[in-house]
There are 2 protein chains.
Amino acid sequence: MPKPRPTKPARKPANRYHHGDLPHAMLQEAVRTIQKDGVDALTLRCVGERLGVSRTALYRHFADKQALLAAVAAEGFRTLRISLLAAWETGGRGRAGFDAMGVAYVQFAVAHPSHYRVMFGGAVRPGNRHQDPNDPGPSAFQVLVDAIVEQQRAGLIRDDAALQLARFIWAVVHGIAMLALDGILSAAEAGTLAKFANERMRTGLAP
Amino acid sequence: MPKPRPTKPARKPANRYHHGDLPHAMLQEAVRTIQKDGVDALTLRCVGERLGVSRTALYRHFADKQALLAAVAAEGFRTLRISLLAAWETGGRGRAGFDAMGVAYVQFAVAHPSHYRVMFGGAVRPGNRHQDPNDPGPSAFQVLVDAIVEQQRAGLIRDDAALQLARFIWAVVHGIAMLALDGILSAAEAGTLAKFANERMRTGLAP
DNA sequence: ACCTGAACACCGTTCAAGT
DNA sequence: ACCTGAACACCGTTCAAGT
């Protein structure tokens, strides 16, 4: 049985292939999917479909799915960096600003749990990450280091190596965020713990 | 073309179906695979094959793959609990023992990175976890709480709520472990950071 | 009660081919 | 340069059927 020939050749949308920036559109779509349904729901087929493009089109712009996930992670670190910086600045670059940074960090994780998990879930293989000075991961971390150095100069924090102090503090906020993400702490409990941690750290890290 | 009938009916190994405890064997095999090749390498087909059993046999004993992963996580918490307890006891249940617990925690994570990730990767959905008093997760956490209470009685730690203190300390060691797992810290750097954290926490949490 | 085997609806990835 | 479409080698899961 001959299937009826469509009157029009069922042409795709007018665009040659796709609008301007397919790689960026794919990244956006991936972030959206992860945020909405979790990382397991992210399939290249879905991304392609949602963008009106073949499911193999992605390979023109990313090496593979891993590479897409790495881009998602990088995007997360970029957003996180901006949030931290904003908290630090609007908080007055002092003690209050630093506390606000901690809260902002935990809030980012709680607000974007799946995205946060991609950033730290081992999806991004180490690789040459350390080489690239524009890598948003270290770049976000640097915001923390800078804030510590500034407080050291203001006599608010003891004069240990800033890198070591930054790692310590990062471990605390990351740990709190993880407890919240695993449902061991509610968002409210995480907030309380963050405040408690802030107090105790002030004592432990005083000059 | 008739395919040649085998002289013997190609019978399986003598056992009726399998040796004694198939669920436990599956769990062991899953842990081994994850430890060796990562969680992505874990497939139900491989587990079945390795155990000389159909790839759907697992469904007799676990609801699905998620349930197997949950069992892997639980097994990890059981092992972790024993390690922590051992460090605490052999360290003399005091200040030294508590420091040893921290080191043991980080070492567990570094020695079993993939397994550790399953324990905290969100693979185990919250569910009714909180109800079960034998859940090895809370049980491992309890070791930490107990150690803190004992030190409070000995006048080594300030008299804040033990639960809050435990969460704080847990966040620190977990954060350090994560930094190590992500390759941001080497195992050696993680050790150094753990020591630094210990010192600062002693100050911050002193009575 | 416990396991099998075929089937189903999915995956990520490759590659020749189109424009 | 950019994308398609068919094909490949995998998945987790279901279900009737076997012992």
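The basis for the numbers below is simple: all heavy atoms, side chains too, and nothing from hydrogens, waters or symmetry mates. Here is the naming used below: chain letters follow the sequence lines, and residue numbers restart at 1 for every chain.
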- Which nucleotide in dT4(C), dG12(D), dC11(C) has an atom nearest any side-chain atom of Lys65(B):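 So the nucleotide nearest the side chain must be dG12(D).
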Starting at [atom1] of [X] and ending at [atom2] of [N], how long is that distance when rounded to a whole Å?
{"X": "Asp40(A)", "N": "dG12(D)", "atom1": "CG", "atom2": "C1'", "result": "12 Å"}
{"X": "Leu68(A)", "N": "dC11(C)", "atom1": "CG", "atom2": "C1'", "result": "15 Å"}
{"X": "Arg45(B)", "N": "dG5(C)", "atom1": "CZ", "atom2": "C1'", "result": "12 Å"}
{"X": "Leu44(B)", "N": "dC8(C)", "atom1": "CG", "atom2": "P", "result": "20 Å"}
{"X": "Asp21(B)", "N": "dC3(C)", "atom1": "CG", "atom2": "P", "result": "11 Å"}
{"X": "Glu49(B)", "N": "dG12(D)", "atom1": "CD", "atom2": "C1'", "result": "16 Å"}
{"X": "Leu42(A)", "N": "dT13(C)", "atom1": "CG", "atom2": "P", "result": "11 Å"}

Pair [X] + [Y]: basic N to acidic O under 4.0 Å:
{"X": "Arg117(B)", "Y": "Asp182(B)", "value": "yes"}
{"X": "Arg202(B)", "Y": "Asp99(B)", "value": "yes"}
{"X": "Glu89(A)", "Y": "Arg93(A)", "value": "yes"}

- Query: Which string of ( ) [ ] | and . matches DNA chain C, if you list each base 5' to 3' and count Watson-Crick or G-U pairs only when both distances are under 3.5 Å?
  - Reply: ||.|||||...|||||.||
- Task: Applying salt bridge (charged side-chain N to carboxylate O under 4.0 Å, His left out), run through Arg55(A) and Glu49(A) and close with a yes or a no.
- Result: CA-CA 7 Å; Arg55(A) 52 199 194 253; Glu49(A) 204 167 293; over 6 Å; no
- Query: Please walk me through it: do Phe120(A) and Phe120(B) pass ring pair (Phe, Tyr, Trp, His ring centres under 6.0 Å)?
  - Reply: CA-CA 11 Å; Phe120(A) 296 105; Phe120(B) 296 105; over 10 Å; no
- Item | Close approaches to DNA chain C from residues 55-64 of chain A, in residue order (heavy atom, under 4.0 Å) |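 Contacting residues: Thr56(A), Tyr59(A), Asp64(A).
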- Item | Leu27(A) side, atom CG; Phe62(A) side, atom CZ - distance, nearest 0.5 Å |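 With rounding to 0.5 Å, CG (Leu27(A)) is 5.5 Å from CZ (Phe62(A)).
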- Query: Should Gln164(A) and Thr192(B) count as side-chain neighbours, where that means a heavy-atom distance under 4.5 Å?
  - Reply: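 Yes, their side chains come closer than 4.5 Å.
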- Message: Any non-hydrogen side-chain atom of Arg167(A) less than 4.5 Å from a side-chain atom of Phe196(B)?
- Response: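 Counting from C-beta outward, Arg167(A) and Phe196(B) never come under 4.5 Å.
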- Query: Aromatic rings His174(B) and Trp170(B): how do their planes relate, parallel, tilted or perpendicular, breaks at 30° and 60°?
  - Reply: parallel
